Amino acid sequence: MSIVLILSSVFLNCTAQILMKKGMSAFSDMDFSGLLRSVPLFLANPWLWGAVVLYGASFVLWLAVLSKTPVSVAFPFLSIGYVVVFAAGHFLFGENVSLVQMLGLFLICAGVFLVSR
């Protein structure tokens, strides 16, 4: 049961990140100085609200995970999010992927595998 909770939380977290990226695509030319002025626009963006809801759900599930699973076992599973969001960036948003980035992702996954042993 813990693995289902862990993977569900990770999936919700990844989906929230993807929704946040989608929502912020409308603000691609915004700089830091425009951040506060844009808050009303953020609040009217359904993609960002979806992200908030999914982050909240992910948080609640993660609390359940931590109540049942040692953090040293559960936490490495969060790195699955790197792979999912990396792939989503490429396939959904057309982001460029370099060989160096793929190597880095592989090293992260290898490290997590070693840590989880």
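Reckoned from all heavy atoms, side chains included, excluding hydrogens, waters and symmetry mates. This structure is a prediction, so every number in the text was calculated from the model and none was measured.
Side chain of S8 to main chain of L5: no donor-acceptor pair is present (N/O by atom type, distance under 3.5 Å, no hydrogens or angles).
The hydrophobic cluster containing L107 does not contain M102, counting ILVMFWY residues as joined when their side-chain heavy atoms lie under 4.5 angstrom apart, directly or transitively. The cluster map of Ile, Leu, Val, Met, Phe, Trp and Tyr, joined by side-chain heavy atoms under 4.5 Å apart, puts F59 and V52 in different clusters. Linking Ile, Leu, Val, Met, Phe, Trp and Tyr residues whenever their side-chain heavy atoms come within less than 4.5 Å places F75 and I3 in a single cluster. Under the 4.5 Å side-chain heavy-atom criterion for grouping Ile, Leu, Val, Met, Phe, Trp and Tyr, L41 is connected to M24 within one hydrophobic cluster. Both F77 and V4 belong to a single network of hydrophobic side chains, linked directly or stepwise wherever heavy atoms of I, L, V, M, F, W or Y lie under 4.5 Å apart.
Here the straight-line distance linking atom CG of L66 with atom OG of S9 works out to 8.5 Å at 0.5 Å rounding. For the atom pair CG (L54) and OG (S58), the distance works out to 8.5 Å, reported to the nearest 0.5 Å.
In terms of heavy-atom proximity, G81 sits nearest to V10 at N-CG1, 3.9 Å. The two residues V112 and P76 have their closest heavy-atom pair at CG1-O, 3.4 Å.
In this view, Y82 satisfies the ring-ring contact (aromatic ring centres under 6.0 Å, His included) rule with no residue, not counting sequence neighbours. In this structure, the side-chain hydrogen bond (donor to acceptor under 3.5 Å, both in side chains) partners of T69, at least two apart in sequence or on a different chain, are S2. With sequence neighbours excluded, no residue forms a side chain to side chain contact (heavy atoms under 4.5 Å, CB included) with P46.
Alongside V73, the hydrophobic cluster contains no other residue (criterion: ILVMFWY side chains under 4.5 Å).
W49 places none of its side-chain heavy atoms less than 4.5 Å from the side chain of V53. Inter-residue side-chain proximity for L7 and I80 is flagged as met; some heavy-atom pair is nearer than 4.5 Å.
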Side-chain donor-acceptor pairs under 3.5 Å in residues 83-95, sequence neighbours left out?
residue : atom : partner : partner atom : Å
H90     : ND1  : E95     : O            : 3.0

Determine all donor-acceptor pairs shorter than 3.5 Å in which one atom belongs to a side chain in residues 12-23; sequence neighbours excluded.
residue : atom : partner : partner atom : Å
T15     : OG1  : F11     : O            : 2.8
Q17     : OE1  : Y55     : OH           : 2.6

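Crowding of F42 atom CZ: a count of heavy atoms from other residues, nucleotides or ligands under 6.0 Å exceeding 12.
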